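Here is the structure we will look at, set down as structure tokens.
Not measured: the values here are computed from a predicted model. Naming: A, B, ... by sequence-line order, numbering from 1 per chain.
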Amino acid sequence: MSKVLVVTSGKGGVGKTTSSAALGAALAQSGQNVVVVDFDVGLRNLDLVMGAERRVIFDLINVVQGDAKLPQALIRDKRLETLWLLPASQTRDKEALTEAGVERVIDDLRARFDWIVCDSPAGIEKGATLAMRFADAAVVVANPEVSSVRDSDRIIGLLDSKTRLAEEGTKIDKHLLLTRYDAARASRGEMMKVEDVLEILAIPLLGVVQESPDVLTASNFGAPVTLHNPASPAARAYADAARRLMGETVEARSTRPERRSLLDRLFGRKAAAA
Amino acid sequence: MSLLKFFVKGRSAPVARDRLQVLLAHERTLAGRADLAEVLQGEILEVIARRIPIDREKVIVRLDRGDQISTLEIDIEMPAGALTPT
């Protein structure tokens with residue numbers, strides 16, 4: 001039974017594309033057949049983050065409009081046999097996406113893959129609503145920051161009203177992925193804690209990805225962080241999240257800050273690992 | 001400086017959490033409000049139009065949500081003679 005997962009947030013820049021690539025790769029690393037679909041028409045970036053930017057020939061719009069067959073547009077990851085990418089168009093506008101066209105492509109993908117991960121564009125316009133339209137489950141990516149949490153709340157409202165499952169009267173499964181979390185700042189009361197965001201948004205927690213230089217390094221190299229540096233805390237957080245998506249019960253890792261000495265704290269020195 | 005900051009710095013996270021809770025409580029009731037006004041307008045018109053001929057353009061339905069009370073305002077302009085018994 002294949003599953004369509006939308007990765008969405010409302011606000012831009014919170015880590016949707018990074019998370020789509022990392023979650024997709026983590027699922028594929030567990031042997032699942034995965035395709036990650038870029039819905040950000042006009043501003044595609046998933047290809048770049050996944051290191052396939054030079055291999056794009058056809059894209060989602062070409063397939064939707066019947067100019068290319070699905071297998072022509074699918075790009076297989078060079079590192080992982082079970083990971084595929086369906087890029088967005090860079091030249092067209094999002095009006096080229098139609099609901100019927102997207103539905104047909106999603107149905108075709110369901111026949112080939114275990115997981116269809118839809119990387120949503122920011123905003124609440126057509127691209128974002130089409131990315132979530134046929135989803136079975138949603139990952140809401142948020143940062144512990146007021147504007148991101150507000151927009152996530154808005155997106156949760158849309159997931160509960162504008163998706164096909166919602167219209168049929170079934171509630172879509174929603175999961176919170178909190179990214180760019182800084183446990184040290186949260187413990188000092190400078191940043192909302194995981195529990196604060198959970199209480200406000202009231203959806204189950206899929207994972208917490210701490211702010212980490214490894215994420216940027218991986219995207220610099222064009223690799224999902226779970227492939228580039230599997231031992232890094234961020235990669236482990238994504239791998240845990242992927243296992244939870246597959247229905248496993250994975251114990252939460254500590255999100256407490258690393259301890260710093262009193263002297264370090266008094267003189268404002270950062271922990272050596274940071 | 002660091003020493004001073006360590007003791008003086010206010011905790012901003014609770015402020016963020018409280019502001020969001022107030023705002024979202026408000027915004028969640030707002031969601032769908034535009035639709036509600038539209039639905040009400042249609043249904044109210046339908047009921048009135050059964051008895052009185054009215055101009056659909058001259059009907060204003062407004063919903064206002066206040067801290068203490070909310071109001072539903074319906075403003076219907078009736079043509080001259082609409083209420084005269086026939």
Option in Arg185(A), Arg154(A), Arg150(A) with maximal non-hydrogen atom pairs under 4.5 Å from chain B: Arg150(A)
Any side-chain heavy-atom pair of Arg50(B) and Val47(B) under 4.5 Å: yes
Option that, when pairs with chain A are counted at under 4.5 Å, heavy atom only, ranks first among Pro14(B), Ala16(B), Ala13(B): Ala13(B)
Heavy-atom contact with chain B under 4.5 Å, split by part of Met191(A): backbone
Ser20(A) versus Asp119(A), side-chain donor and acceptor atoms under 3.5 Å: yes
If you look only at distance, which donor and acceptor atoms sit under 3.5 Å apart when one is on a side chain in residues 132-142 of chain A and the other is two or more places apart or in another chain?
unit_1: Arg133(A); atom_1: NE; unit_2: Glu99(A); atom_2: OE2; d: 3.0
unit_1: Arg133(A); atom_1: NH1; unit_2: Lys162(A); atom_2: O; d: 2.7
unit_1: Arg133(A); atom_1: NH1; unit_2: Glu167(A); atom_2: OE1; d: 3.4
unit_1: Arg133(A); atom_1: NH1; unit_2: Glu167(A); atom_2: OE2; d: 3.2
unit_1: Arg133(A); atom_1: NH2; unit_2: Glu99(A); atom_2: OE2; d: 3.4
unit_1: Arg133(A); atom_1: NH2; unit_2: Glu167(A); atom_2: OE1; d: 3.0
unit_1: Asp136(A); atom_1: OD1; unit_2: Arg110(A); atom_2: NH2; d: 3.3
unit_1: Asp136(A); atom_1: OD2; unit_2: Val4(A); atom_2: N; d: 2.8
unit_1: Asp136(A); atom_1: OD2; unit_2: Arg110(A); atom_2: NH1; d: 3.2
unit_1: Asp136(A); atom_1: OD2; unit_2: Arg110(A); atom_2: NH2; d: 3.3

For Glu145(A), salt bridge (Lys or Arg N to Asp or Glu O under 4.0 Å) partners two or more places apart: none
